[in-house]
Amino acid sequence: MAEIDMLPTDRIRALLREFDDPQHLERPADFDLETSRNCFARLVSALEERFGPSCSSGLGQDASFYGVSEVRANTTGLGRPLRVTMSNFGSYFVTARMVAGEEVPSGEAGLTEEFVTWLDGVCTAAGCTFVPYELLREPYDGPSVLLAAGDVEVAAVLVAAGSAEAEEDDEELGKSDWRDRYFEYM
């Protein structure tokens with residue numbers, strides 16, 4: 001496959017902001033189930049073609065992502081499982097990350113440039129936008145109120161009630177990143 005030029009980082013950031021609609025946290029107002037289904041099927045098909053039957057896929061529910069495809073560690077060639085997720089938003093934002101352990105994401109560390117280029121090409125062909133994981137870990141500064149915002153309120157109530165003590169790391173409470181907006185349960 002010929003090398004694909006990924007969208008510039010600033011353009012991807014602009015797209016993340018453009019599609020952030022606080023009135024529609026799980027999926028956009030113009031969400032099209034059939035188009036989403038077809039796009040995810042193309043993505044999964046490409047992963048299965050590359051990695052064979054070691055892929056497993058599932059759909060999200062009550063989430064801002066449409067579905068997830070996982071590849072077992074013994075097939076990735078990287079020694080760790082791979083998780084590729086498609087959002088309900090944008091032109092179907094897609095991200096990929098290596099998983100360090102049980103539900104412990106490690107980001108793109110370990111993804112080869114060849115794989116990222118391949119996945120970006122697959123996304124382009126399927127009508128998706130590949131979003132590098134490091135962009136999704138940037139602090140969320142959009143208009144939507146995400147679940148993490150409720151953590152601050154709960155902590156304040158527990159401290160006021162004497163059920164908990166304020167902790168030094170409380171400044172991290174309520175902070176979200178762009179992954180929380182487009183690739184999480186709502």
Considering all heavy atoms, the nearest V71-C55 contact: CG2-SG, 3.7 Å
Min side-chain heavy-atom separation L15-F93 under 4.5 Å: yes
Side-chain donor/acceptor of N88 to backbone N/O of E26, under 3.5 Å: yes
Evaluate the ring planes of F115 and F51, with Trp represented by its six-membered ring, and classify them as parallel (under 30°), tilted (30 to 60°) or perpendicular (over 60°). tilted
Are S36 and F31 packed together at the side-chain level, in the sense that at least one heavy-atom pair is separated by less than 4.5 angstrom? yes
Show me the donor-acceptor pairs, under 3.5 Å and distance only, between side chains in residues 38-46 and residues at least two apart or in other chains.
unit_1: N38; atom_1: ND2; unit_2: E34; atom_2: O; d: 3.3
unit_1: R42; atom_1: NH2; unit_2: A126; atom_2: O; d: 2.6

R50 and E114 ion-paired at < 4.0 Å: yes
Inspect the contact between R17 and D20 and indicate whether a charged nitrogen and a carboxylate oxygen are less than 4.0 angstrom apart. no
With F65 via ring-ring contact (aromatic ring centres under 6.0 Å, His included) - residues at least two apart: Y185
List the atom of M6, the atom of F130, and the distance in Å for their closest heavy-atom pair. CE-CD2, 3.5 Å
To the nearest 0.5 Å, what is the distance between CD (E134) and CZ (R97)? 13.5 Å
Qualifying residues under side chain to side chain donor-acceptor pair (under 3.5 Å), relative to S69, sequence neighbours excluded: S57
Between R181 (side chain) and L25 (backbone), is there a donor-acceptor pair under 3.5 Å? yes
Residue set satisfying ring-ring contact (aromatic ring centres under 6.0 Å, His included) with Y140, at least two apart, ordered chain then number -> W178
Can you tell me how far apart CG (L135) and CG (D177) are? Round to the nearest 0.5 Å. 11.0 Å
Y66 versus R37, closest heavy-atom pair with distance: OH-CA, 3.4 Å
Atom pair OH/CZ of Y133 and R83 - distance to nearest 0.5 Å: 9.0 Å
Which residues share a side chain to side chain contact (heavy atoms under 4.5 Å, CB included) with S91, sequence neighbours left out: T129
Between T76 and R80, the two heavy atoms sitting closest are OG1-O, 2.9 Å
Can you see which heavy atom on S64 is nearest to which on D180, and at what distance? OG-O, 4.4 Å
For the atom pair OG (S87) and CD (E184), what is the distance rounded to the nearest 0.5 Å? 11.0 Å
Roughly how far apart are R27 CZ and M186 CE, rounded to 0.5 Å? 11.5 Å
Is the backbone N or O of T95 less than 3.5 Å from a side-chain atom of T85, with the two atoms forming a donor-acceptor pair by type? no
pair L111-L82: side-chain heavy atoms closer than 4.5 Å: yes
Give me each pair satisfying ring-ring contact (aromatic ring centres under 6.0 Å, His included) with a member in residues 67-92, each pair once, sequence neighbours excluded. F89-Y182
How about CD on E18, more than 12 heavy atoms from neighbouring residues, nucleotides or ligands closer than 6.0 Å, or not? yes
